[in-house]
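This structure is a prediction, so every number in the text was calculated from the model and none was measured.
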Amino acid sequence: MTRTIINRKGLAALAGVLIFAFFSGSLRASTLPFGVFGFPLDISANVKETLLPSGAITFQDSQPLFDTVQGQSAELLDISSTGVNDSGRSTNIHGAFASSLTAADGNGGVGVSQLIFGLPDPSGQDSIRQLTAQSIWTQTLKYTGTFPIDLTVHLHVPTLQVGLLGVPPRRTGLSATETAEANGAFVRTITHPDLTIAGGQVEFGLRESERQIPSGSDVLNFADLQVLGNTGEFTSQGPRFNGDDFNPSFTLDSFSADVDLGVLHTGDILSYVYTLTAEGTTHGFERGYFAFLGDPFGGEVISDNLSFTATPVDAAATPEASTCLLMLSGFAGVLAWGRRSRRRH
């Protein structure tokens with residue numbers, strides 16, 4: 001069994017506190033460095049291999065990095081002891097694998113691929129093997145600025161692909177089925193000084209599974225695709241089918257979406273978690289799956305997965321350049337607040 005862990009850390013200067021654009025002495029909407037206001041955020045790469053239905057974990061690794069800055073990243077590659085990579089991606093990796101890249105600059109992606117020729121569990125106790133890969137970005141901060149702002153996040157989603165391996169269109173009887181899923185979720189919460197909470201989440205992704213229908217003396221067996229969450233709202237293009245009924249796969253090209261996080265007032269606490277997940281299950285015996293959201297070890301990584309824009313709520317009441325220093329000093333207080341909170345815990 002081979003387990004490879006790759007960790008690249010580069011220290012870089014913090015990308016400034018905040019950059020606003022000025023025009024005729026007024027404050028305008030401005031794109032911020034990655035991570036709200038360019039302050040450090042927490043990131044994590046995670047991989048896991050599980051036997052089902054018992055839930056026994058045969059391998060698990062997590063690489064969290066706290067208070068990251070530009071240039072830092074967490075990477076994990078688990079090469080499984082069972083199965084091979086037959087996805088046609090990450091072709092330099094021959095064994096079944098789970099991979100995760102999470103970078104402080106917003107780059108990232110996840111992938112899993114596993115084709116098993118024999119039993120998924122050599123002991124015979126479990127009938128299903130599952131691989132899971134996750135990339136997670138999270139940040140919590142307090143807004144101490146003077147003027148309310150409307151904060152928007154721009155999501156740049158890598159190419160999604162899910163596929164099943166060894167799915168004959170007809171079977172002699174009902175049989176075990178395989179699954180493959182690639183999904184993402186952005187969850188945000190704003191806690192006001194009076195302790196009331198506003199929040200929400202958006203989700204996107206693809207899930208593919210086998211569907212079987214009795215038909216006369218045999219069973220029709222085909223791929224059933226689910227488009228998850230808000231995917232249809234974010235992109236008008238549909239998933240592309242590869243045309244192979246025995247090894248059906250679906251691909252959704254990279255797309256972008258803007259999500260309004262809400263208005264921040266003085267004293268509000270903003271928290272968000274952005275998660276990319278790829279996972280699949282197989283019963284073995286020449287069957288398998290693959291799922292990708294980007295392909296970090298195959299050279300496909302989307303930059304700027306997350307970027308933020310701050311817009312004054314009332315454009316007519318935007319402050320003059322001489323008063324913008326008050327806003328900047330308010331943002332500067334965010335970092336100190338976050339550090340003190342972390343020390344208390």
Side-chain angles (χ1 to χ4, degrees), residues 48 50 52-53 86-89 98-100 108-115 120 127-136 155-171 174-187 200-215 219-257 259 273-283 287-295 300 302 305:
K48 183 171 65 173
T50 310
L52 301 172
D86 197 37
S87 66
R89 306 182 64 171
S99 64
S100 171
V110 289
V112 293
S113 176
Q114 188 164 50
L115 172 65
S127 59
I128 303 171
R129 187 171 286 264
Q130 180 185 60
L131 286 176
T132 303
Q134 276 193 331
S135 292
I136 303 174
L155 304 179
H156 190 182
V157 180
T159 300
L160 290 93
Q161 186 177 37
V162 292
L164 301 179
L165 302 169
V167 181
R170 306 189 80 92
R171 292 185 183 274
L174 294 174
S175 64
T177 57
E178 321 305 291
T179 66
E181 182 172 337
N183 67 73
F186 187 94
V187 181
Q201 69 179 58
V202 294
E203 299 177 82
F204 53 85
L206 300 176
R207 186 178 193 276
E208 183 181 10
S209 58
E210 288 183 75
R211 186 176 180 185
Q212 300 179 347
I213 301 176
S215 176
V219 174
L220 297 178
N221 188 67
F222 56 93
D224 186 20
L225 180 70
Q226 292 177 274
V227 178
L228 305 177
N230 307 89
T231 310
E233 302 170 25
F234 291 158
T235 175
S236 59
Q237 62 182 354
R240 302 192 314 274
F241 175 48
N242 68 341
D244 185 347
D245 292 330
F246 284 84
N247 300 294
S249 71
F250 295 87
T251 302
L252 184 63
D253 291 334
S254 173
F255 62 89
S256 299
V259 179
V273 180
Y274 183 47
T275 306
L276 302 181
T277 304
E279 66 181 8
T281 61
T282 179
H283 292 77
R287 287 174 291 175
Y289 61 86
F290 57 86
F292 291 89
L293 233 173
D295 185 358
E300 185 200 350
I302 291 293
N305 277 343

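- Looking at Leu155 and Val202, their side chains come closer than 4.5 Å, going by heavy atoms from C-beta outward.
- Taken to the nearest 0.5 Å, the CG atom of Asp244 stands 11.0 Å off from the CG atom of Leu164.
- Side-chain atoms of Gln134 and Thr277 include a donor-acceptor pair closer than 3.5 Å.
- Contact annotation: the side chain of Tyr289 never approaches that of Val167 to less than 4.5 Å [non-hydrogen atoms, C-beta and beyond].
- With sequence neighbours left out, the ring-ring contact (aromatic ring centres under 6.0 Å, His included) criterion links Phe241 to Phe250.
- Stacking of Arg89 on the aromatic ring of Phe290 is not recorded, the 6.0 Å distance cut-off and the 45° axial limit not both being met.
- Qualifying salt bridge (charged side-chain N to carboxylate O under 4.0 Å, His left out) partners for Glu178, counting only residues two or more places apart in sequence or in other chains: Arg287.
- For the atom pair OG (Ser215) and CG (Leu220), the distance works out to 4.0 Å, reported to the nearest 0.5 Å.
- For Val187, the side-chain contact (heavy atoms from CB on, under 4.5 Å) partners two or more places apart in sequence, or in a different chain, are Gln201.
- Relative orientation of the Tyr274 and Phe204 rings is tilted, given thresholds of 30° and 60° on the angle between their planes.
- The line from CG of Leu52 to CZ of Arg129 is 10.0 Å long, rounded to the nearest 0.5 Å.
- In this structure, Arg211 CZ and Leu225 CG are separated by 12.5 Å, a value rounded to the nearest 0.5 Å.
- For the residue pair Thr179 / Thr281, a side-chain donor-acceptor distance below 3.5 Å is found, with atom types taken as modelled.
- The backbone N or O of Pro120 sits nowhere less than 3.5 Å from a side-chain atom of His283 that would complete a donor-acceptor pair.
- The shortest side-chain heavy-atom distance between Thr132 and Val110 does not fall under the 4.5 Å cut-off.
- Taking every heavy atom of both residues into account, Gly108 and Pro158 meet most closely at O-CG, 4.0 Å.
- Only one option out of Asp253, Thr251, Asp295 pairs with Gln161 in a side chain to side chain donor-acceptor pair (under 3.5 Å); it is Thr251.
- Applying the side-chain contact (heavy atoms from CB on, under 4.5 Å) test between Glu279 and each of Arg207, Lys48, Gln130 identifies Gln130 as the sole match.
- Looking only at side-chain heavy atoms (C-beta outward), Leu252 and Gln237 come within less than 4.5 Å of each other.
- Smallest separation of non-hydrogen atoms from Ser135 and Gly109: OG-O, 3.4 Å.
- Panel note: side chain Asn242, backbone Ser249; a donor-acceptor pair is recorded below 3.5 Å.
- The structure places CG of Leu160 at 8.5 Å from CG of Asn183, a figure rounded to the nearest 0.5 Å.
- Panel note: side chain Asn247, backbone Gly166; a donor-acceptor pair is recorded below 3.5 Å.
- Of all the heavy atoms in Ala291 and Ala180, the pair that sits closest is CB-CB, 4.4 Å.
- Between Leu206 and Leu228, every side-chain heavy-atom pair lies at or beyond the 4.5 Å cut-off.
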